[in-house]
Chemist: 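Just dropping this structure here.
Keep in mind that the numbers below use all heavy atoms, side chains included, and drop hydrogens, waters and symmetry copies.
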Amino acid sequence: MALTAPPPRARRGPRAPSRRAFRHAGQLPEQPQGVEILAAVAQARARAGREQGWDARLESSLLAVHGYLWRRGRGEKWAGAQGSVRYGCSIAQLVFGLAPIMGWRGIPDRHDTAGRMRFVKRHRKSVQRWLAWLELAELVHHTPQQDEEGFWWRTIIELRPTPPLEKDMLKAARRRRLGWCEAEERRRARGRHRDLTLILRRAQLTRSQRRARAVQRRRQLCEHQARAQVRELAARSLADAIKPHLTHPFGTSTTSRNSSKETNNQSRWSRGAAGARIALPPFATEAHTDNISTETAGGDDAEDIRWAIYHQVHGLWVSRSTEAWQPHVGALVDRVGRLDDWPEEHRCPRWRLIEAWALAAHGPAMAAAGAGRLALWREDHAHHGPRLDRALARYGRYAQTRPPNWPAVPVAAFARFVTDCVSGLDGPEHGMAYDVQRFNQLTRQMSAYAHITHPDNATRAKSRARRRDAARALAEQVN
């Protein structure tokens, strides 16, 4: 049986279906003892047809590698406090993990990429040979995986319990373990420079090291659990932010006025509907320029203004037949549908976004009659206009964390938002500023999720905490 791993280039190994294919934790069995490992290695050498039944160099290396692999299995943070019997790592990680145990010299700095590659190339054959011997001894199973280009980028390690052993082999292994010191003295007398006892001693952690690793392990698990909870909360908030609202956030309208319900409002307009490109009539163009700000009037006056505009637009809509409104409705639906392909480098006029909101909130016929006036805020408003600009810019910056199947262009995303997340209104329940705030909340959730999932989030948090502590200490000194 060949004891080289991975297999030759001519033989194609198993492909990795995904980079997290091994991420299912398995319960760790009872770890084999040192005597059982020696007996299993002796059985493996007998199966391989080796003349000598024992090999001190191979035995000490396999004892150290086996202990290190079990230590990695118990330390997998993604599997929880108990660890996992199956995990993935690269040959480079195994080389640098075993380097201080084996006493390899010339370990390069982590910033020296070329030196680290040479170091891995120098020692990877030894690590692959040890993994092959452990698999032949039925102590560890390893599966190299390659990417699309044939590069062995990951090795799946699966720890196994103690294999069935013969009683005579166990007795021979105990006798060899008891005579280890005398065998080492004879090796030194023959001029062997490799200290096998020191390798075994370095492979075992001292009591203080085990205590320090346990404290660090509990701390890392607590931090990992906290980060997982924050990610879950951020993902849940992001999912809730795109749900359509059902009621007004401040309850129903203060007045009990009833208005005739628009029959065409229940049927959702088609985004790809075809229509003739006809210029907007004067009453529709004025709807985007003569908007009224609710902050200029009191509560009752603002309510009266909203209902007055609504009844005016509704009366204009019912004054014409459906056939008369059809060209204007087709042109409006066509303009809003083209927002899906809006180029990112061009600025979108504000009235196009107001038109999309009016179409989603009040239906195509009311939007063609001038329902954009119900947005009730001017383009140059000191509060809502800049908020929409900031939300669009924020969506473009964190487009990688957008909801699934959403466009990456901010204008198209806002059109998608008002189409899917703005329900039809039977009256002037709220203006466009309410939905702009909801879209702004969605982009803030995207920003928070992008910062939480950033690889350097922990480092950035620590640096921010240090700056806050320094500022607080400086303020105390000044006071």
Side-chain angles (χ1 to χ4, degrees), residues 1-16 19 22 37-38 41 44-45 48 50 52 54-73 75-76 87-137 139-159 184 187-188 190-205 209:
M1 179 178 179
L3 295 177
T4 58
R9 183 179 293 273
R11 294 173 55 190
R12 304 294 291 182
R15 296 293 181 90
R19 290 188 175 268
F22 64 91
I37 297 175
L38 290 178
V41 173
R45 289 180 60 81
R50 300 302 172 92
Q52 302 293 333
W54 306 96
D55 187 346
R57 295 184 59 185
L58 179 63
E59 292 161 2
S60 59
S61 300
L62 294 186
L63 284 170
V65 173
H66 187 266
Y68 175 74
L69 294 179
W70 272 81
R71 193 188 309 162
R72 285 188 65 99
E76 291 293 321
Y87 58 92
C89 60
S90 63
I91 293 295
Q93 290 174 333
L94 295 179
V95 167
F96 285 105
L98 292 171
I101 298 176
M102 297 300 175
W104 292 335
R105 300 179 180 179
I107 302 177
D109 187 72
R110 62 176 182 174
H111 302 292
D112 186 6
T113 305
R116 293 175 72 87
M117 292 179 63
R118 290 193 299 267
F119 188 81
V120 172
K121 187 176 181 180
R122 188 184 312 134
H123 298 288
R124 61 183 173 89
K125 291 295 183 182
S126 300
V127 176
Q128 293 169 355
R129 183 175 65 253
W130 294 332
L131 289 176
W133 272 111
L134 288 174
E135 183 164 1
L136 185 60
L139 294 171
V140 172
H141 176 69
H142 75 286
T143 305
Q145 290 185 347
Q146 57 183 338
D147 57 9
E148 292 78 6
E149 299 179 358
F151 176 73
W152 297 103
W153 67 278
R154 183 175 70 182
T155 302
I156 305 299
I157 304 295
E158 184 176 355
L159 305 174
E184 273 291 274
R187 288 186 70 259
R188 294 192 187 96
R190 293 197 302 269
R192 303 295 186 183
H193 298 288
R194 190 180 182 189
D195 194 345
L196 304 182
T197 305
L198 184 58
I199 292 176
L200 296 178
R201 189 179 297 119
R202 283 194 295 252
Q204 296 178 357
L205 299 177
Q209 289 176 336

Chemist: Under the side-chain hydrogen bond (donor to acceptor under 3.5 Å, both in side chains) rule, what do Glu158 and His142 come out as? Steps first, then yes or no, please.
Modeler: CA-CA 6 Å; Glu158 184 176 355; His142 75 286; over 6 Å; no
Chemist: Is Arg110 close to Arg116 at the side-chain level, that is, under 4.5 Å between some pair of heavy atoms?
Modeler: yes
Chemist: For residues Leu94 and Arg72, determine if any side-chain heavy atom of one lies less than 4.5 Å from a side-chain heavy atom of the other.
Modeler: yes
Chemist: Going from CD on Gln145 to CD1 on Ile156, what distance comes out if it is rounded to the nearest 0.5 angstrom?
Modeler: 4.5 Å
Chemist: Take the angle between the ring planes of Trp104 and Phe119 and call it parallel below 30°, perpendicular above 60°, tilted in between.
Modeler: perpendicular
Chemist: Out of curiosity, Ile91 CD1 to Thr155 OG1, how far, rounded to the nearest 0.5 Å?
Modeler: 4.0 Å
Chemist: Can you check whether Arg45 reaches Asp55 side chain to side chain, under 4.5 Å on heavy atoms?
Modeler: yes
Chemist: For the residue pair Cys89 and Ile157, establish whether any side-chain heavy-atom pair is separated by less than 4.5 Å.
Modeler: yes
Chemist: Rounded to the nearest 0.5 Å, how far does CD of Gln93 lie from CZ of Arg154?
Modeler: 11.0 Å
Chemist: Once you round to the nearest 0.5 Å, how far does CG of Leu134 lie from OG of Ser61?
Modeler: 10.0 Å
Chemist: May I ask you to check whether over 12 heavy atoms, not counting those of Arg122, lie within 6.0 Å of atom CZ?
Modeler: yes
Chemist: Can you see which heavy atom on Leu196 is nearest to which on Ser60, and at what distance?
Modeler: CD2-OG, 3.3 Å
Chemist: Does any non-hydrogen side-chain atom of Trp130 lie less than 4.5 Å from one of Met102?
Modeler: yes
Chemist: Nearest 0.5 Å, please: how far is CD in Glu59 from CH2 in Trp133?
Modeler: 10.5 Å
Chemist: For Gly73, does its backbone N or O pair with a side-chain atom of Glu76 as donor and acceptor, under 3.5 Å?
Modeler: no
Chemist: With a 3.5 Å distance limit and no angle check, can you tell me whether Arg124 reaches the backbone of Val95 through a side-chain donor-acceptor pair?
Modeler: no
Chemist: Measuring from atom CG of Leu139 to atom CG of Leu131, what distance do you get when rounded to the nearest 0.5 angstrom?
Modeler: 12.0 Å
Chemist: Could you give me the CA-CA distance, side-chain angles and deciding distance for Thr143 and His141, then say whether side-chain hydrogen bond (donor to acceptor under 3.5 Å, both in side chains) is met?
Modeler: CA-CA 7 Å; Thr143 305; His141 176 69; 3.2 Å; yes
Chemist: Which heavy atom of Ala64 sits nearest a heavy atom of Ile101, and at what distance?
Modeler: CB-CG2, 3.9 Å
Chemist: With a 4.5 Å limit on heavy-atom distance, are the side chains of Phe96 and Pro108 in contact?
Modeler: yes
